[in-house]
Number of protein chains: 2
Amino acid sequence: MVKRVRGSRTGRPIMVLLDLLGRRWVLRIVWELREEPRRFRELQDLIGASPTIVNGRLAELREAKLVELDADSGYRLTALGKELLRLFLPLHAWSEKWAKAT
Amino acid sequence: MVKRVRGSRTGRPIMVLLDLLGRRWVLRIVWELREEPRRFRELQDLIGASPTIVNGRLAELREAKLVELDADSGYRLTALGKELLRLFLPLHAWSEKWAKAT
DNA sequence: GGCGGGCGCTACAGAAAATGTAGTAACGGA
DNA sequence: TCCGTTACTACATTTTCTGTAGCGCCCGCC
């Protein structure tokens, strides 16, 4: 099975990353894993997407080494994933400001 | 025409924001506007998406007050959009690190 | 005056992706 | 043996995206 990089032919890391994060539910999944590991169904219920898509996105995130499955606790962010999340945390505060401005 | 908030029923700003940014091409468009305003066709060529979708996403970004159209220079980030971009800039450096790790 | 080129944007048919529902297979405990 | 829980898959329907063509507008040019 051949993998294609959507959205960019360059393969530049920033483009690959923007493309990955720009897929539906991906940001949301990372966000929901910010505090504690989640089980597959738990995650699915939290975000309200179909299992097909949750499974697909988790597979992509695992391949990107941002998420891993721990048999005991469930899906969780890897060290790399936590780093990425840290970059996103300011979004939370900013979104409140943005909501007021719109 | 009724607007529905995809991906979340709560309407919490962070969810609305994650949903907006999680739409295909949205992050990419914001990224391509990081340095200078871009014309519609220019933007379209840069990211390689169909005009239908570029137009749709630009409409959403304009409604979210992150992007505006200046008749003289083209599409550009608003003050709010620039703030958001600033939060995303560390992604660039991080993506390089991430690319090495995967 | 009317032609060409650039502008934002739209129409539409076909292709791809997401949804919603059901179900599989594996394990562990009562 | 049956029940519950786990991750995950199948598949028909619906939604979204793509690719291509073209519209209407304005401006400069001859």
Side-chain angles (χ1 to χ4, degrees), chain A residues 1-9 15-16 18-33 36-64 66-78 81, chain B residues 1-9 15-16 18-33 36-64 66-78 81:
Chain A
M1 167 193 169
V2 176
K3 266 300 187 41
R4 77 191 177 93
V5 176
R6 287 185 346 168
S8 170
R9 288 78 181 153
M15 293 306 172
V16 178
L18 288 179
D19 186 55
L20 173 64
L21 299 180
R23 300 178 94 114
R24 199 164 178 179
W25 302 119
V26 165
L27 282 174
R28 180 68 188 275
I29 288 174
V30 171
W31 183 256
E32 294 297 351
L33 293 178
E36 49 186 337
R38 300 287 189 182
R39 290 287 169 191
F40 186 92
R41 281 185 166 72
E42 188 181 6
L43 204 45
Q44 194 194 322
D45 291 345
L46 276 171
I47 71 179
S50 68
T52 315
I53 235 58
V54 172
N55 189 42
R57 292 303 183 260
L58 283 172
E60 290 164 8
L61 283 166
R62 287 160 90 178
E63 195 176 352
L66 298 176
V67 164
E68 64 192 356
L69 175 56
D70 175 64
D72 293 333
S73 60
Y75 285 98
R76 65 184 177 197
L77 296 176
T78 61
Chain B
M1 166 193 169
V2 176
K3 265 299 188 42
R4 77 191 176 92
V5 176
R6 287 186 344 168
S8 169
R9 289 82 180 149
M15 293 306 171
V16 179
L18 287 178
D19 187 54
L20 173 65
L21 299 181
R23 299 178 93 112
R24 197 166 180 177
W25 301 121
V26 166
L27 281 173
R28 180 67 187 276
I29 288 175
V30 172
W31 183 255
E32 294 298 349
L33 293 177
E36 48 186 340
R38 301 287 191 181
R39 290 287 170 191
F40 186 92
R41 281 184 165 76
E42 188 182 5
L43 206 45
Q44 195 194 319
D45 290 345
L46 276 171
I47 72 178
S50 69
T52 315
I53 236 59
V54 172
N55 188 43
R57 293 303 183 259
L58 283 172
E60 290 165 6
L61 283 167
R62 288 209 263 179
E63 195 177 350
L66 298 176
V67 163
E68 63 193 355
L69 174 55
D70 175 64
D72 293 332
S73 59
Y75 285 98
R76 66 183 177 197
L77 296 177
T78 62

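The model shown is predicted, which means the values in this text are computed figures rather than measured ones. All heavy atoms count here, side chains included; hydrogens, waters and symmetry mates do not. The chains referred to below are lettered A, B, ... by the order of the sequence lines, with proteins before strands, and numbering in each begins at 1.
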Rounded off to whole Å, could you give me the [atom1]-to-[atom2] distance for the [X] and [N] pair?
X	N	atom1	atom2	answer
B/Arg38	C/dC7	CZ	P	13 Å
B/Ile29	D/dC17	CD1	P	11 Å
A/Phe40	C/dG23	CZ	C1'	13 Å
B/Gln44	D/dG22	CD	C1'	13 Å
B/Leu43	C/dG6	CG	P	18 Å
A/Glu68	D/dA7	CD	P	15 Å
B/Leu58	C/dG8	CG	P	10 Å
A/Arg28	C/dA18	CZ	P	16 Å

Touch class at under 4.0 angstrom, heavy-atom based, for A/Arg62 against every strand present: sugar-phosphate
Which nucleotide, [options], lies nearest any side-chain atom of [X]?
X	options	answer
A/Trp25	C/dA18, D/dC17, C/dG8	C/dA18
B/Arg41	D/dC23, D/dA10, D/dC17	D/dC23
B/Arg57	C/dT10, D/dC17, D/dT6	D/dC17
A/Pro51	D/dT20, C/dA18, C/dA22	C/dA22
A/Thr52	D/dT16, C/dA17, C/dG20	C/dG20
A/Leu69	D/dA7, C/dT19, D/dC17	D/dA7

Could you please spell out the steps behind the side chain to side chain contact (heavy atoms under 4.5 Å, CB included) verdict for B/Val30 and B/Leu66? CA-CA 8 Å; B/Val30 172; B/Leu66 298 176; 5.6 Å; no
Taking only side-chain N and O atoms of B/Arg24, does any of them lie within less than 4.0 angstrom of OP1 or OP2 on C/dA16? no
Taking only N and O in the side chain of B/Asn55, is any of them less than 4.0 Å away from OP1 or OP2 of C/dG8? no
Does A/Leu21 reach the side chain of B/Leu27, with side-chain heavy atoms less than 4.5 Å apart? yes
Beyond-backbone contact of A/Val67 with A/Leu77, side-chain heavy atoms, under 4.5 angstrom: yes
Are B/Leu33 and B/Leu43 close enough, and set up right, to give a side chain to side chain contact (heavy atoms under 4.5 Å, CB included), and what steps lead you there? CA-CA 8 Å; B/Leu33 293 177; B/Leu43 206 45; 4.1 Å; yes
Backbone N/O of A/Arg24 and side chain of A/Arg57: donor-acceptor pair under 3.5 Å: yes
